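Contents: one structure, followed by commentary.
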Amino acid sequence: MAEENTVSDETLSPRAYFERSCAAGNLVFQRDAATGRAVFPPRVVAPVSGATLAWEVSAGSGTVHATTTVHSRSGDAYNIALIDLDEGFRMMARVDETAPHDVRIGLRVRLRMQRDGEDFFPVFVPSGEVR
Amino acid sequence: MTHALRGRTAIVGIGEAAIPLMPPGSTPIDAMALAAMAALADAGLTLTEVDGVFAAGLQVFMPTLSLAEYLGLRPRYSDGTQIGGGAFLTHLNHAQAAIHAGLCDIALIVYGSTQRSAGNRFASHAEPNPYEQPYRVPGPVAAYALIAGRHMHEFGTTPEQLAEIAVAARQWARLTPGAVTQGPLTIADVLAARRIAEPFGLLDCCLVTDGAGAVVVTASDRARDLQRDPVYVLGAGEAVSHRGIAQMPDLTTTAARESGARAFAAAGLAPADIDVLQLYDAFTINPILFLEDLGFCAKGEGGAFVAGGALAPGGRLPVNTNGGGLSYCHPGMYGIFTIIESVRQLRGGLGARQVANAELALAHAPGGYMSSQSTAIFGTAATL
């Protein structure tokens, strides 16, 4: 039986591929080759179907599914949200460029890749879209 | 057809220790050992009779090994299943099967923690989630806050209804000797407390204490020869749905639907049969979701169901009759205490907090971020 690569670059783990993509400004996810279902977070095999996975780059548009304002011990308040990307996967992230209390369920957001030293990670900002 | 395990095993000993605080420098195994000895004394059994060991913890990587060494146990069956705070109810499910299959005779299920006395030295062996790490997730509270916010959005659940859970728990705690917090508490107090992760304030969140609990399980035939009235295991069920909160299939419906249905099917019972419930209340949204998902009210109606002191002493349904994780104790993982309070209620004689004529009790606990769900149903001899 022929072996199939489950990631597009066989030299990188799913996590390393994700991080490298973030550094290039891209939020990537995977798609189940058998069902077409979007898969996140990245892994080496598709859940349920056991099929192979192909990487795709998200357009970065999504909707806030759930949100909370966290109050830290040092006194600052910040957002944590679950974002439903339009491609059909959900991820934890943060909505910036607005007060934490103004992040509402249903808010349309778009990706802004955040840099923290050597690390890059996805955050979102209000897109101004009404839907 | 009656389920093969219905009533085949019983809880014959219970023990608690270390609530709310262990002496400085204590280890979680010290706390576990104290609870284990209390449970064995309650059962009238000795360490050498224990041949099954079940344990899980946040501070101890291999707790069944550590406890066996500490107490000189030589178990022929052990189970360190770690699925979060409800692990001990799942241990009970596994223990009843192991006992019925002849793989062990006397099962000891133990939890112990020095979460409070360890303070800043508390170290969990949980692995970080790299896809959540950048967002400064302050532990489980944020995940449960996302769930609560979603429940409010979909069903109109209110902060006052969440606060009802904390107030009812406190009213039960005021009737419970040894409960860690016993001062008066109002809905206004809960709403005015310092915010932690909205919609939760400090009083929507469980306590942080030390503590340990243990239960002894054996075959019902053996149980009838021991010193305490057996509390029979009528049914148990478990379910797993996800790990991280972002992957929970539906934030407002938990896998308690599955674990509960399995437990009720095994017991041959329905929610209306249950006299008293212990629902792990790490946060105030939890009992609301569990009442819905276990079938005590319809989906989305949990908030209205708990309003007006419905779960408090004298209310329509006695829930968390020791004060729960919100007011009795909460040493990191609370599941073992849902078993212990169920047993106490069915043994009877609890004074002011005793539920009258309690014959059937349900214990339920989640693990992780509503990731696992574990349910058990207990009965007195009259229910066999």
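These figures come from a predicted structure and were not determined experimentally. In the text below, chain A, chain B and the rest are named by the order of the sequence lines, each starting its count at 1.
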When the aromatic ring centroids of Phe200(B) and Phe283(B) are compared, is their separation below 6.0 Å?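 Close enough - the centres of the two rings lie under 6.0 Å apart.
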Could you tell me whether Tyr135(B) and Phe121(A) have their ring centroids closer than 6.0 angstrom?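 Yes, the ring of Tyr135(B) comes within the 6.0 Å limit of the ring of Phe121(A), centre to centre.
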For each of His71(A), Glu19(A), Arg94(A), tally heavy-atom pairs with chain B at distances under 4.5 Å, and name the one with the top tally.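 When all of His71(A), Glu19(A), Arg94(A) are compared, His71(A) has the most.
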Using a 4.5 angstrom heavy-atom cutoff, name the option from His101(A), Met91(A), Arg73(A) with the most pairs to chain B.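 Among the listed options, the one with the most contacts to chain B is His101(A).
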Looking only at the side chains, is there a donor atom on one of [X] and [Y] sitting less than 3.5 Å from an acceptor on the other?
| X | Y | answer |
| --- | --- | --- |
| Ser372(B) | Glu238(B) | no |
| Ser113(B) | Gln115(B) | no |
| Ser61(A) | Arg110(A) | no |
| Thr186(B) | Asp189(B) | yes |
| His330(B) | Thr209(B) | no |

Does any heavy atom of chain A fall under 4.5 Å from the side chain of [X], the backbone, both, or neither of them?
| X | value |
| --- | --- |
| Gln133(B) | neither |
| Met152(B) | neither |
| Arg194(B) | neither |
| Val141(B) | neither |
| Ile147(B) | neither |
| Leu146(B) | both |

Check each of His151(B), Arg150(B), Glu154(B) against Thr252(B) using the side-chain hydrogen bond (donor to acceptor under 3.5 Å, both in side chains) test, and report the only one that passes.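 Exactly one pass, corresponding to Glu154(B).
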Please classify the contact between [X] and chain B as side chain, backbone, both or neither, with a heavy-atom cut-off of under 4.5 Å.
| X | result |
| --- | --- |
| Pro100(A) | neither |
| Phe40(A) | both |
| His65(A) | both |
| Ala93(A) | both |
| Arg15(A) | both |

Do Asp84(A) and Arg90(A) sit within salt-bridge range, that is, some charged N less than 4.0 Å from a carboxylate O?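 Arg90(A) and Asp84(A): salt-bridged.
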